[in-house]
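Reading through the structure tokens given below for one structure.
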There are 2 protein chains.
Amino acid sequence: MHLTTKGKYAVTAALDLAMHENNDFISIADLSLRQSIPGPYLEQLFRNLRKAGILTSHRGPGGGYKLSRPSNEIKIGQIISAVEDRMDATQCSGEGNCSAGSKCLAHNLWTDLNNQVQSFLMDRSLEDVLRDSNNKSLTLNNNKKLLIAAG
Amino acid sequence: MHLTTKGKYAVTAALDLAMHENNDFISIADLSLRQSIPGPYLEQLFRNLRKAGILTSHRGPGGGYKLSRPSNEIKIGQIISAVEDRMDATQCSGEGNCSAGSKCLAHNLWTDLNNQVQSFLMDRSLEDVLRDSNNKSLTLNNNKKLLIAAG
DNA sequence: TATATTCTTGACAAGATTTGTCAAGAATAG
DNA sequence: CTATTCTTGACAAATCTTGTCAAGAATATA
């Protein structure tokens, strides 16, 4: 199970796009600057997100990327599986041949962990995370939450 | 968040030790053979498990390793954190300075994921996993479970 | 005591993966 | 026509994982 900066960058970038959902297209240069992600690296990640149907792009001046669906219809798990190829926790890719052709002692454990993590990531949309981020980051010292609309 | 074969080997080896809890000491050679783990590599992992107080060792003929506590008192999470040093999912090691000194948009998301995974791993003892492994691996075709004591 | 066994420690190396870069090209707005 | 921006393929450095090795220390047993 490998969740690397690749997946984290992709999610952060997608969250940025979700924050500016009303804007038309956002360039990699802007995103790179705002989120401190190396531009050419982001380029590479966005290839996968576009192939997965999560982003729409447009070339030329004023071009860039935007979400291809509303932010509440895009799950964190979809973004991660578009860029990470080693999220599976089992040694055998779920095939059950992890110990001399049959299941190793821990096979069910890793399978259960997989399901747990997948559920976690598939239960959360970009909108969910953004709302949560806003609320918690604005929690005051006295522990009263200051609720403000995202944006 | 990196769960590598290092952690998986360590858990598998510990499960083997738990299965033979009544035996005195088990050598790396035996473990390596039974679980198909490279001996010298296992050596390296067992250093960490011993330092973490999970294993007890004894040198000389008939020597080897055994669990330092009953298998129901050793959690999977303890084993993994003894050998894996990059299980944290946040970019900032939880410090909250992941984006120009303050929390990145996804900070809470990764923190929540961390907690989820940690709970999962800390809720399960070696004994739990072994019991589960026995039950499920003996599930028959007709979906009736054949319950047999571990051993 | 001698010997075989087994852990202990430190260091090293090959391979894979991640992370990041670059350049040439294609599309498009103004 | 020109500047902008994505698109694609390839490449390279850094890091990490995985695995190996050798010399040494402890210990059971004969």
Side-chain angles (χ1 to χ4, degrees), chain A residues 1-13 17 23-68 80 82-89 91, chain B residues 1-13 17 23-68 80 82-89 91:
Chain A
M1 174 170 297
H2 289 242
L3 175 56
T4 68
T5 61
K6 213 186 303 181
K8 296 180 210 165
Y9 279 166
V11 169
T12 298
L17 291 178
N23 298 26
D24 239 9
F25 287 97
I26 292 178
S27 72
I28 282 196
D30 285 357
L31 270 171
S32 165
L33 200 63
R34 275 205 295 266
Q35 303 301 335
S36 309
I37 301 173
Y41 195 32
L42 201 49
E43 230 165 49
Q44 204 180 111
L45 303 180
F46 274 16
R47 286 182 213 188
N48 295 316
L49 294 180
R50 205 167 49 86
K51 251 193 304 188
I54 293 168
L55 297 185
T56 304
S57 62
H58 192 72
R59 291 199 258 200
Y65 292 90
K66 66 174 187 178
L67 301 177
S68 61
I80 290 182
V83 299
E84 298 277 7
D85 36 338
R86 297 205 302 163
M87 280 299 288
D88 186 59
Q91 201 71 358
Chain B
M1 172 169 296
H2 290 241
L3 176 56
T4 66
T5 61
K6 214 187 301 182
K8 296 180 211 166
Y9 278 167
V11 168
T12 298
L17 291 177
N23 298 26
D24 239 9
F25 288 96
I26 292 178
S27 72
I28 282 195
D30 285 358
L31 270 171
S32 165
L33 201 63
R34 275 205 295 265
Q35 303 301 335
S36 309
I37 301 173
Y41 195 34
L42 201 48
E43 232 165 48
Q44 205 181 112
L45 303 180
F46 273 17
R47 286 183 212 188
N48 296 316
L49 294 180
R50 204 167 50 86
K51 252 193 303 189
I54 294 168
L55 297 185
T56 304
S57 62
H58 191 71
R59 291 200 258 201
Y65 292 90
K66 66 174 186 178
L67 301 178
S68 61
I80 289 182
V83 299
E84 298 277 7
D85 36 340
R86 298 204 300 164
M87 279 302 285
D88 187 57
Q91 200 71 357

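Below, chain A is the first sequence line, B the second, and so on; all start at residue 1. When reading the values below, keep in mind they use all heavy atoms of this one structure, side chains included, and skip hydrogens, waters and symmetry mates.
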TODO: Could you tell me whether a side-chain N or O of K8(B) sits under 3.5 Å from a main-chain N or O of A89(A), the two making a donor and an acceptor?
DONE: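 Yes, because the side chain of K8(B) sits within donor-acceptor range (under 3.5 Å) of the backbone of A89(A).
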Task: Flag, side chain of S68(A) to backbone of T56(A), donor-acceptor distance under 3.5 Å - done: no
Would you mind telling me which of [options] lies closest to the side-chain atoms of [X]?
{"X": "S57(A)", "options": "dC6(D), dT8(C), dC16(D)", "value": "dC6(D)"}
{"X": "K6(B)", "options": "dC16(D), dT6(C), dT18(D)", "value": "dT18(D)"}
{"X": "E43(A)", "options": "dT8(D), dT8(C), dT21(C)", "value": "dT8(D)"}

Just to be sure I understand the rule, does [X] reach a base, reach only the sugar-phosphate, or reach nothing, if contact means heavy atoms closer than 4.0 Å?
{"X": "R47(B)", "answer": "base"}
{"X": "F46(A)", "answer": "nothing"}
{"X": "Y65(A)", "answer": "sugar-phosphate"}
{"X": "P40(B)", "answer": "base"}

Counting only side-chain nitrogens and oxygens, does [X] get under 4.0 Å of the OP1 or OP2 atom of [N]?
{"X": "T4(B)", "N": "dT18(D)", "result": "yes"}
{"X": "R59(B)", "N": "dT9(C)", "result": "no"}
{"X": "Y9(A)", "N": "dG20(C)", "result": "yes"}
{"X": "R86(A)", "N": "dA16(C)", "result": "no"}
{"X": "S27(A)", "N": "dT5(D)", "result": "no"}

Open item on the list: If I compare all heavy atoms of G7(B) with all of V83(B), which pair ends up nearest, and what's the gap?
Closed with: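 Heavy atoms only, the tightest pair is CA-CG2, 3.7 Å.
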TODO: Give the minimum heavy-atom separation between L49(B) and A82(B), together with the two atoms involved.
DONE: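 Residues L49(B) and A82(B), closest heavy atoms: CD2-CB, 3.8 Å.
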- [ ] Could you tell me whether the side chains of Q91(B) and T5(A) share a donor-acceptor contact shorter than 3.5 Å?
- [x]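 No, no side-chain donor-acceptor pair sits under 3.5 Å.
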Measure the distance from [atom1] on [X] to [atom2] on [N] and round it to the nearest whole Å.
{"X": "I26(A)", "N": "dT4(D)", "atom1": "CD1", "atom2": "C1'", "value": "16 Å"}
{"X": "L42(A)", "N": "dC22(C)", "atom1": "CG", "atom2": "P", "value": "16 Å"}
{"X": "Y41(A)", "N": "dC22(C)", "atom1": "OH", "atom2": "P", "value": "16 Å"}
{"X": "K66(A)", "N": "dT5(D)", "atom1": "NZ", "atom2": "P", "value": "17 Å"}
{"X": "H2(A)", "N": "dC16(D)", "atom1": "NE2", "atom2": "P", "value": "13 Å"}
{"X": "R50(B)", "N": "dT8(C)", "atom1": "CZ", "atom2": "P", "value": "4 Å"}
{"X": "D30(A)", "N": "dC6(D)", "atom1": "CG", "atom2": "C1'", "value": "14 Å"}
{"X": "M87(A)", "N": "dT18(C)", "atom1": "CE", "atom2": "P", "value": "12 Å"}

TODO: Could you check H58(A) against P38(A) and say which one's nearest nucleotide on DNA chain C is further toward the 5' end?
DONE: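 This one resolves to P38(A).
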Open item on the list: If you go through the side-chain atoms of Q44(B), does one of them form a donor-acceptor pair with the base of dT20(D) closer than 3.5 Å?
Closed with: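 Yes.
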Task: Ring centre gap for Y65(A) and F46(A) strictly below 6.0 Å - done: yes
